[in-house]
Amino acid sequence: MCGIRGYIGDEDAPPLLYNGLKRMEYRGYDSAGIATISDAKMLVKKDTGKVTEINNKLDFLSMRGNIGIAHTRWATHGGVTRENAHPHASCGLEVAVIHNGIIENYRSLMENLMAEGHHFNSQTDSEIIAHLLEKHYKAYEDEKQAVLKTASDLKGSFAFLAIFTANPNMIIGARKDAPLVIGVGKQGNFLASDILAFIDYTDKVLFLDNREIAIVKGRDMQVYTFEGKPVEKEVTQVAWEAKDTSKEAFAHYTTKEIHEQPQTLKAALYQDPNKVQEFCSAIERAKHIHITACGTSYHVGLILRNLLARLAKIRSDATLSSEFSHDAELIERDCLVIAISQSGETADLLFAVSEAKKRGGEVLSILNAVGASLDRESKLSLYINCGPEIGVAATKSFTGQLILVYLLIFTLLNDTRRLADLRDIWKAVEEVLKMEDKVVEVAKKYKECNDFYFVGRSLHLPIALEGALKLKELAYNHAEGMAGGELKHGTLALIEEGTPVVVLNPEDETYQEMLSNASEMKARGAKIIGVSNRPHEIYDDFIQIPTVDELLYPLVEVVPLQMLAYHTAVLRQRDPDYPRNLAKSVTVK
Ligand code: F6R
């Protein structure tokens, strides 16, 4: 989604803003721009394309000023054009604004402003904010009132930053249903959509809550609610370090993050036992449990539901957050919602959580980004501690969430043997990573196939869904994840000579049935790619994984699927870190 970033301080703003734009590339974007104020003049440079390409053309670094704002855009309203790129300026270039979110009432606001003589240069909903700020700043001659009035005019979701030529020592920001954090640096302050935008410069962070504005004048910072009440904020030190955001010797972030998993799995298990116990007690006490998440995180939710039912005999639902509101009437007053997320900023998820809270539900979460909106909405959060995940595809965050799910289940059951196995599972993941050459061989063989199927049963079904999602998003091959038992109900019709089918088949209760499924498909011409701890003649290609406790296979078998998607993408000359049309953090509904 759009990434926003601002800087005010003693240093030259353009290089800091430009680096910030590059840091935010992982959020996905189609255009970018910077505005600064120098000698009381607003300067705006923006265009479509990649940040480095735009810089080659426009030379962001030649801009001047100790204050500025920068934006990466992921188009929602209005096409991908230079005019629609941010920052947007007011009529007389007195105000420049960047925005993330969607302004729902922009048409009526625009009509009113046009009737008052404002003219618009873009087709975006965001430009409206610049004109409103200009109008209210002129009327009130007070920045706080201007921002509060502007925020109250807007319907929808927004995090915006603005700078004013009339006060070149001030950045204002406001947030409602979109993320905004402030980084407190030694030489100046940063405002941004997420911590990664400034982690190279400071790890001291102040989290704005929903419906708050910030007025940053030089080193002085004030925060108010939308009702104008001052708010005291605490500065938090975050554990992420600048080194976590480097690619090191890897060609892409995605492969670096896949290879980090032995370490990140260990890190996820560093939990405060009291918090884990508290989470488990809430599960035990709950009369109704709803698990909700999006995309890859939802696949973790499916495994949580399976394990709760199977091992702890606890019933729960797992619902995609984007579908949650359609079932909202069924949410019981005393329900427990378990929300799973890497970013903690996914708009559909936050909406689901707020629907549940409105109905009296209690929210617990499993997430990576400490201090994210989900964290602040949750009664209790367990963090997966996997560090920043820059590749757009979730990899290490998936296994981090999943190992926490196992930690909760085994703690709930007081299963000390399996808890010990869990602590050692990273070793099996390390073994699987050594199979990379075999995975590359498979990727080379099937890279041009138009359709892939991933098939699994029980705990392996969410991994089949995950394997298909990874391949689609990274390599753009069409792929489907299927339950083995469902093949006969339709999909078998699509199996032709040479169709690759990845069969998730470690030795557990599903083993024999999956072999039968594999032979049904092979009889119809499929090429069977077996992922198992045990070789079998039915497999045309075989990726061997180590033997582990039978409940823990999902943590291990997903790794070759991540590598398969990555290598297929590279072989097909896709950019695995920044897949087309996708954004890391989906902050609009
Ligand atoms: C897929 C992927 C997405 C995310 C989804 C939820 O690789 O990354 O499907 O899993 O957008 O994001 P979070 O977990 O941040 O809520």
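Both ligands and their constituent atoms are indexed starting at 1 by order of listing. As the structure is a prediction and not an experimental result, all values here were calculated from the model.
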Carboxylate-amine/guanidinium contact Asp200 Lys22, below 4.0 Å: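 No, Asp200 and Lys22 are not salt-bridged.
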Does the pair Glu430/Lys427 count as a salt bridge with the N-to-O cut at 4.0 Å? no
May I ask whether Glu345 places a heavy atom under 4.0 Å from ligand 1?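 So Glu345 does not count as touching ligand 1.
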Asn368 near ligand 1, heavy-atom distance under 4.0 Å?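 No.
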Atoms of ligand 1 less than 4.0 Å from [X] heavy atoms?
X      : value
Val392 : 8 (O)
Ala393 : 7 (O)
Ser341 : 13 (P), 14 (O), 15 (O), 16 (O)
Ser343 : 13 (P), 15 (O), 16 (O)
Lys470 : 1 (C), 7 (O)
Glu473 : 1 (C), 7 (O)

Counterpart residues, ring pair (Phe, Tyr, Trp, His ring centres under 6.0 Å), relative to His252 (two or more places apart): Tyr566
Using a 3.5 Å cut-off on N or O atoms only, is Ala394 in polar contact with ligand 1?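 N/O-N/O distance below 3.5 Å exists for this pair.
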Between Thr296 and ligand 1, is there a nitrogen or oxygen pair with a distance under 3.5 Å? yes
Between [X] and [Y]: side-chain donor-acceptor atoms closer than 3.5 Å:
X      : Y      : result
Asp541 : Tyr446 : yes
Glu389 : Ser397 : yes
Gln342 : Ser297 : no

So Lys275 and Glu278, salt bridge (Lys or Arg N to Asp or Glu O under 4.0 Å) or not? Walk me through it. CA-CA 5 Å; Lys275 276 177 79 182; Glu278 203 185 320; over 6 Å; no
